[in-house]
Structure formats: C-alpha cells, structure tokens
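Reviewing the structure listed below.
It should be emphasised that the depicted structure is a prediction, and the values quoted were computed from it without experimental measurement. Note that these values count all heavy atoms, side chains included, but never hydrogens, waters or copies made by symmetry.
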Amino acid sequence: LSNRTSGEEFADGSVTLTNEDFVVSWDPKLKSWELAWIWKGSLPPEKRVGTGVSEYPKNLSSEERDQYDNELQLWIANEFLVPHDVEVHGPVKGILPVVQAHKSTPVRPVLDFTPLNDLVESEPGRSVKSCVDTLRRWRSMGVRCKLLDIRKACLQVRLSTDLQSYQCVVVKDKIFVMSRIAFGLSIARKVLDAIVEFVIFSSGFPVDSCDGYVDDILVDESLQSAT
C-alpha cells in the first residue's frame, strides 16, 4: 500500500485501511467496504451543514426530467438512498442539494458536496496516483491488456451509519440519507485508490500484472487472465 495508507487484516476476514484522511473497513459478513471520514480538527461541526437548500433549479425537458427522477428512484431501489430514521441516523445534520444533470452521461442527479468537503480532512495531493504517471505505466504494459471498469464504484462503498445524517437528500418532500459515498466527496478518489490497491495487493496476482487507477484496473493478460 502507499506510504500514507496502512492496512491490517484480522482473523475473521475483516480488513481496515487507515489513511490520514479516512478509515475504510471491509466487512466479510456484508461483503462490502465502509468509510468513516475524519473531521478537520477531529470534531464534528456543531451546526447543521449547508444552507438547507434541497435542489438547485434545473432547465430540463420533460424527457430529461423523467430520466432524472427515474435515476433517483433507482438510487432508492438500490438503497443508495434510504429513508431518514431519527432512531438510526439521529437528527438531520446536513442537506446535500441535488444539482444539474451529469455532463457526459445520461441524465442523472449530482450532489453538491461543497459545504461538507470544507469540513472533512482532505489532502488531495498526498497518496493520490498521478493520471499522467499511470497512463505512462499502462502504455509500457504491452498490447495484451484488458481494462476492467468497476461499475458505480463509489456507490459500492457504504458510509458509516453515524455519518449518514450529514448526507441527507430531499426527494419529493421526503428526507433520505445517502448511505454510500459519491464522487463529489473530496476524498472519494483516495478511498477508491486505497481499496483497489489493497485488492490487487492481496489477490496473489504477479506484481506487474495489474495496475489500478480510481475505478479502473488494467490487467496484462500475458501475465494474468482478466477473467
């Protein structure tokens, strides 16, 4: 692992990866990773995060609006968004506004993490892989390579339950919590890098056969099959 992320494996199969900005753990029973970010100053904010605005105005056609609403319903169906329950999540501590549709993919919601990112420890220049360096390595891996894309990578990582009330989202006047991390979170890329690096490291594959970058893994099939 990187010199700023340490890993510890336990007898029950659980794993903890610790970084200066976060702790992410593998739960073998749930078969999923769970993130706990670190607050600046090590203390949570005393006041509710954000302005309370639940959605920014959007100029969408009726077709785009349907796609947008359908994506939100898909998040609910997949339990990326779950109904806020004060007994489980505590009081609402922050509303993440839903903003304009995604720029390069089919219409989908994007959350504004700006107020939350201002309060979370994040050193983006540390322990983050360089895109330029990664592409240089990939070009040197030969021609028998296959690129594996981790589908909805951020949404596969759960957020610690005690932090979910800082990621509340209003959908049709009902309050939900975002139970997963999203790419707008400032440390999301570092979290994915750490997880992918650990998975490759612990896979037993030859060291030079795989290389990961955020939600992509390049496999040199002259050394290791990608299937």
Is S14 reaching over with its side chain to a backbone N or O of D27, donor-acceptor style, under 3.5 angstrom? no

Roughly how far apart are L185 CG and F183 CZ, rounded to 0.5 Å? 10.5 Å

Should W39 and I187 be counted in the same cluster of Ile, Leu, Val, Met, Phe, Trp and Tyr side chains packed under 4.5 Å apart? yes

When rounded to the nearest 0.5 angstrom, what is the spacing between NZ in K172 and OG in S54? 14.0 Å

Stepwise, does the side-chain contact (heavy atoms from CB on, under 4.5 Å) test hold for F22 with V120? CA-CA 9 Å; F22 61 83; V120 173; over 6 Å; no

Within 6.0 angstrom of K174 NZ, more than 12 heavy atoms from elsewhere: no

Minimal non-hydrogen separation, S25 against T16, with atom names: OG-OG1, 3.7 Å

S165 versus P91, closest heavy-atom pair with distance: CB-O, 3.3 Å

Common cluster, V157/V82, ILVMFWY with side-chain heavy-atom separation under 4.5 Å: no

For V92 and C168, which heavy atoms make the closest approach, and how far apart are they? CG1-SG, 3.8 Å

Between the CD1 atom in I76 and the CD atom in E71, the distance rounded to the nearest 0.5 Å is 11.0 Å

Is L155 reachable from V171 through a run of I, L, V, M, F, W or Y residues, each pair having side-chain heavy atoms under 4.5 Å apart? yes

K190 side chain reached by D193 side chain, heavy atoms, under 4.5 Å: no

Find out if a path of hydrophobic residues (ILVMFWY) with successive side-chain heavy-atom gaps under 4.5 Å connects L159 to L72. yes

Report yes if the side chains of V169 and I95 come closer than 4.5 Å at any heavy-atom pair, otherwise no. no

Are more than 12 heavy atoms, taken from residues, nucleotides or ligands other than E79, located less than 6.0 Å from that residue's CD atom? no

Is the backbone of P97 close enough, under 3.5 Å, to the side chain of D112 for a donor and an acceptor to pair up by distance? no

Side chain H84, main chain G90, donor-acceptor under 3.5 Å: yes

CG of N70 to CG of L74: how many Å apart, nearest 0.5 Å? 8.5 Å

Is the shortest side-chain heavy-atom distance between E9 and V15 below 4.5 Å? yes

Do M178 and W75 have side chains that approach each other closer than 4.5 Å (heavy atoms only, starting at C-beta)? yes

Donor-acceptor contact present, side-chain T5 to main-chain L17, <3.5 Å: no

Would you check if V177 and V88 make a side-chain contact, meaning some heavy-atom pair closer than 4.5 Å? no

Rounded to the nearest 0.5 angstrom, the CD-CG distance for Q164 and D85 is 11.0 Å

Non-hydrogen side-chain atoms of R48 and Y166 separated by less than 4.5 Å: no

Looking at L96, is its backbone amide N or carbonyl O close enough to the side chain of Q167 to form a donor-acceptor pair, meaning the two atoms are under 3.5 Å apart? no

For E34, is there any backbone N or O sitting under 3.5 Å from a side-chain donor or acceptor partner on R158? no

For the hydrophobic clusters of this structure (ILVMFWY residues joined by side-chain heavy atoms under 4.5 Å, transitively), does one cluster hold both L111 and L35? yes

Are S122 and D21 linked by a side-chain donor-acceptor pair shorter than 3.5 Å? no

Are side-chain heavy atoms of K93 and L163 found at a separation under 4.5 Å? no

Are the side chains of S186 and W37 in touch, meaning some heavy atoms are under 4.5 Å apart? no

